[in-house]
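Have a look at the structure below before the remarks.
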Amino acid sequence: MPRRHPSRPFRLSRPSRPSRPARRALAAVTVALLASAAVGCGDAGELQGAGATPTAISPDKLWPDLTPASSPAFDIGEVDTAVVKGVTVPGGDIRKVDPVAVVRAEIAAHPGDYGKGAYDETARRMADCGRSGAAGSRCPVLEAYYRDLTGDGHADLTLGFRQLPGNLTAVRVYTARKDRLVQVMAYEDAVSGVELAGRSVIIRAPSEVAGYEYRLQWTWDQQQRAMLLTHDEMLRTGGAEGRKQPPRPSAPPTPAVSPSASASPSTSSSGSDSGSSSGSSSASASGR
């Protein structure tokens, strides 16, 4: 900024006005620039019609005289939660819980679901968990992930394990309430992918129709203190149209709850922060 002279007031000098020839030259340059811009851009900036606007159609309410149902036709256990018996949370830190012990607790609580003729192979392969090499790779427990899904500022446990024989994958979410481990979500299906997003667990599963998949989303609900199924939809993924794939295997009823976010991999049963406690495959279950 110019320094003010002590003997006279500070004034900004007024810029001199361009002479008439200078103004004419400036105008000519401006016109030439605008003309070249018009040639280079063509009509790229012009508005273009998007076609006819479809007529809005209001929804029609059907059977207005039908008495609204007041209770569900089926009890599908949407808000079932339960404390996992035999598993504690040391110091309220869910990372200190062994994921393999959690799956063993579920098997012990529901022997009929993991006995002969059911998922008995899962029960047998639990003996391979914790082993090294090829034997350890047979463990059905997938890598556990940790993310705050309940919004309480503490990590919750998202756990998956294979239900064998077959191609089903069980997905479970657990939270810690003091020293107790509480299951707040359970689902199993032929899974093609699992994601954690915000306070939600998203599961993708193949559809009977080629080029489509099922997308299911569970989101934490503070009132119910459980993960609720908030989205269940079939989405287009591409591929052949009209062809049908073999039917999805029907899953047996979800076991009554037995045994919840940066999503970080599990600690192993020995307490390390890398890899799976079981040494098994990735937590992004392939379902195959």
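Values below: every heavy atom of this structure, side chains too, minus hydrogens, waters and symmetry copies.
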**OP:** Consider only side-chain heavy atoms of I, L, V, M, F, W and Y, link residues closer than 4.5 Å, and tell whether Leu235 and Leu229 are in one cluster.
**Re:** no

Quick check: closest heavy atoms across [X] and [Y], and the distance to 0.1 Å?
X	Y	answer
Ile203	Met185	CD1-CE, 3.9 Å
Ser207	Met234	OG-CE, 3.4 Å
Ala123	Ile107	CA-CD1, 4.2 Å
Tyr146	Val97	OH-O, 4.2 Å
Thr230	Thr219	OG1-OG1, 3.1 Å
Gly115	Asp120	O-CB, 3.2 Å

**OP:** Determine, for Arg162 against Glu121, whether the closest basic-nitrogen to carboxylate-oxygen distance falls under 4.0 angstrom.
**Re:** no

**OP:** Pick out which of Arg125, Arg172, Met126 makes a side-chain contact (heavy atoms from CB on, under 4.5 Å) with Phe161.
**Re:** Arg172

Original post:
Of Thr88, Thr175, Val102, which is the lone residue that meets side-chain contact (heavy atoms from CB on, under 4.5 Å) with Leu181?
Top reply: Val102

Subject >> Exceeds 12 heavy-atom contacts within 6.0 angstrom, atom CG of Leu62 >> reply: yes

Original post:
In this structure, are over 12 heavy atoms from other groups packed under 6.0 Å from Gln223 atom CD?
Top reply: no

**OP:** Test Val194 against Ile202 for side chain to side chain contact (heavy atoms under 4.5 Å, CB included), laying out the working first.
**Re:** CA-CA 6 Å; Val194 181; Ile202 300 169; over 6 Å; no

